[in-house]
K.L.:
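A single structure is presented below for examination.
Both backbone and side-chain heavy atoms feed into the values below; hydrogens, waters and symmetry mates do not. Per chain, numbering begins at 1; letters A, B, ... match sequence-line order.
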Number of protein chains: 2
Amino acid sequence: MAVTSFEASLRQRCSNCSLREICLPLGLDAEELGKLDDLVKRRRRVFAGQHLFRAGDPLQSLAAVRTGFFKIYEVSAGGHEQITAFPMEGELMGLDAISTDAHRGNAVALEDSEVCEIPFTRLETLLSDLPRLQHQFHKLLSGAIASDHGLMMVLGTMTAELKVAAFLLNLSDRLEARGQPRAIIRLPMSREEIGNYLGLKLETVSRMFSRLRDDGLIATEGRKTEILEHKALRDLCLQGPLRA
Amino acid sequence: MAVTSFEASLRQRCSNCSLREICLPLGLDAEELGKLDDLVKRRRRVFAGQHLFRAGDPLQSLAAVRTGFFKIYEVSAGGHEQITAFPMEGELMGLDAISTDAHRGNAVALEDSEVCEIPFTRLETLLSDLPRLQHQFHKLLSGAIASDHGLMMVLGTMTAELKVAAFLLNLSDRLEARGQPRAIIRLPMSREEIGNYLGLKLETVSRMFSRLRDDGLIATEGRKTEILEHKALRDLCLQGPLRA
DNA sequence: GATTGGCCTTGATAGCTGTCAAAAGTAGCA
DNA sequence: TGCTACTTTTGACAGCTATCAAGGCCAATC
């Protein structure tokens, strides 16, 4: 029992987290990691379907996904919902709240998940003391912008088939960056949620999955998807709506 | 002559810049402003059509638009160009470069413009000393994410007519935030560039301008556009693709 | 094991936007 | 002023995606 709780406490620290090469701790030395550990004390389980935060909530903490999968959606003034991201392990949520001190998005767990809460005001204080942590935080903010631009490119230039292909490749790349097999993708979101994210209707998403399957590029079994022809799928995205 | 150059040097400082309530200096006291002034020494003219930076350039400086208008476009692996922003006065460019230490976008002046160059490494050093500047910088990064999400909502949920209406309202709001008349919009970009930004073809953009004009919501005279019915235009965006 | 409800797939049709084409408008320049 | 090149507008038509509809699959429940 004592051993178990010791191991649990180890797992509960940034310094031993398997995601430290992806998340906030990247590039820190032991002393710096210790200070970050002091800050990120609160871990929290979020069950499937449960909200972690809602639009309008004051920004208390940023949250890093430790295990599981989330969706972030925003609601326009006209009442339309748009999913803006599907954060997975090692990704931060709530970065867009800093500008207004209140969350703009709603975060829902797509499966039973666990997050590390990072009190934002205390984080900013710590950043001033730890230049390397500051730089890594800026890289994560900047990376979020870059990744949003990637989605804008998908939304603005691609046909339905390419959008779905790009979506699968994006997930595949992110899995690979976490040391997981890049070919096998377990989708925690529905066709409707994929469609919302990609600017498509759920029927169109379904049709495109079928088309990619019929073309032999992927195999599907419900929400389990396997990429059979990785290179062909990437070439499809590259050629794009534009041929040479 | 002496007076002129004195006035010029005043205008060349963050502490006296008319954009200090929008840009990086927001919230700083006199001493802090002085340190920022020391950092942001280089102003640079960029003539219409000229590039300020290109994708792949190492990140040396962020740039704040002082006067004029830019477009930022990214080129996908497949060679497709996508405009991701039209920065105007007081807006920062190059934030997405921090994550990779190299620019991802290409910045082109749409008209003769002037920018303030902010050496990034020195900025990060200064941020550690000036918590308020650090917080404002984070707000601007966060605001860039929020604004990208706004565009994703437009791209993902709106029809062509609503996209163009939302585009005009966005420009109108940003002009108003700078104390300029919100109804009169001088577009420095072509129909093709608007279309690229909104995920539409130039002909469709032109048709939607004509439709909004025929409906009495706007008046057009080439690239000069006037919003005649501001509320009606906003209502149009709100009702969106969704009734009720 | 049958039933129920949610999600996914597939088909037929309609509507919106893209494509192709031509003419009109605008700006720069000799 | 007149020329040229570019941008914008407008029209006709095709193609892609949304819509409407029905049926199948799966898991949870009784």
K.L.:
Among A/L200, A/L187, A/V205, whose side-chain contact (heavy atoms from CB on, under 4.5 Å) with A/F167 holds?
P.N.:
A/L187
K.L.:
Ignoring hydrogens and angles, does a donor from either the side chain of A/E221 or the base of D/dC26 sit under 3.5 Å from an acceptor on the other?
P.N.:
no
K.L.:
Measure from NZ or CZ of B/K71 to the centre of the six-membered ring of B/F69, then state whether that distance is under 6.0 Å and the direction lies within 45° of the axis.
P.N.:
no
K.L.:
Between the side chains of B/R213 and B/S210, is a donor N or O closer than 3.5 angstrom to an acceptor N or O?
P.N.:
yes
K.L.:
Five pairs per end, C1' atoms only: what is the angle between the end axes of the helix from C/dG1-D/dC30 to C/dA30-D/dT1, to 10 degrees?
P.N.:
40°
K.L.:
Which part of the nucleic acid, if any, lies within reach of B/G195 when heavy atoms closer than 4.0 Å are counted: base, sugar-phosphate only, or nothing?
P.N.:
nothing
K.L.:
What is the minimum heavy-atom distance between B/R174 and B/E91, and which atoms define it?
P.N.:
NH2-OE1, 3.0 Å
K.L.:
For a quick test of reading the model: is some side-chain N or O of B/R207 closer than 4.0 Å to OP1 or OP2 of D/dT10?
P.N.:
no
K.L.:
Is the phosphate of C/dG18 approached by B/T204 (side-chain N or O, under 4.0 Å from OP1 or OP2)?
P.N.:
yes
K.L.:
First locate atom NE2 of B/H230, then atom CG of B/D235, and finally report the distance between them rounded to the nearest 0.5 Å.
P.N.:
11.0 Å
K.L.:
Once you round it to whole Å, what is the distance between C1' of D/dT17 and CZ of A/R191?
P.N.:
18 Å
K.L.:
Using a strict threshold of under 4.0 Å (side-chain N to carboxylate O), is an ion pair present between B/R211 and B/E161?
P.N.:
yes
K.L.:
Ignoring the backbone of A/M208, work out which of D/dT17, C/dG18, C/dT17 is nearest its side chain.
P.N.:
D/dT17
K.L.:
Please check the phosphate of D/dT10 (OP1 and OP2 only) for any side-chain N or O of B/S210 closer than 4.0 Å.
P.N.:
yes
K.L.:
Could you check whether A/R213 gets within reach of a base, just the sugar-phosphate, or nothing at all, counting any heavy atom under 4.0 Å?
P.N.:
sugar-phosphate
K.L.:
With a non-hydrogen cut-off below 4.0 angstrom, is B/L200 in contact with a base, only sugar-phosphate, or nothing?
P.N.:
sugar-phosphate
K.L.:
Nearest to the A/S190 side chain among C/dC8, D/dA18, D/dT17, which nucleotide is it?
P.N.:
C/dC8
K.L.:
Using a 4.0 Å heavy-atom cut-off, does B/R223 contact any base of the nucleic acid, only the sugar-phosphate backbone, or nothing at all?
P.N.:
sugar-phosphate
K.L.:
Regarding A/D148 and B/H149, is there a side-chain donor-to-acceptor distance under 3.5 Å anywhere?
P.N.:
yes
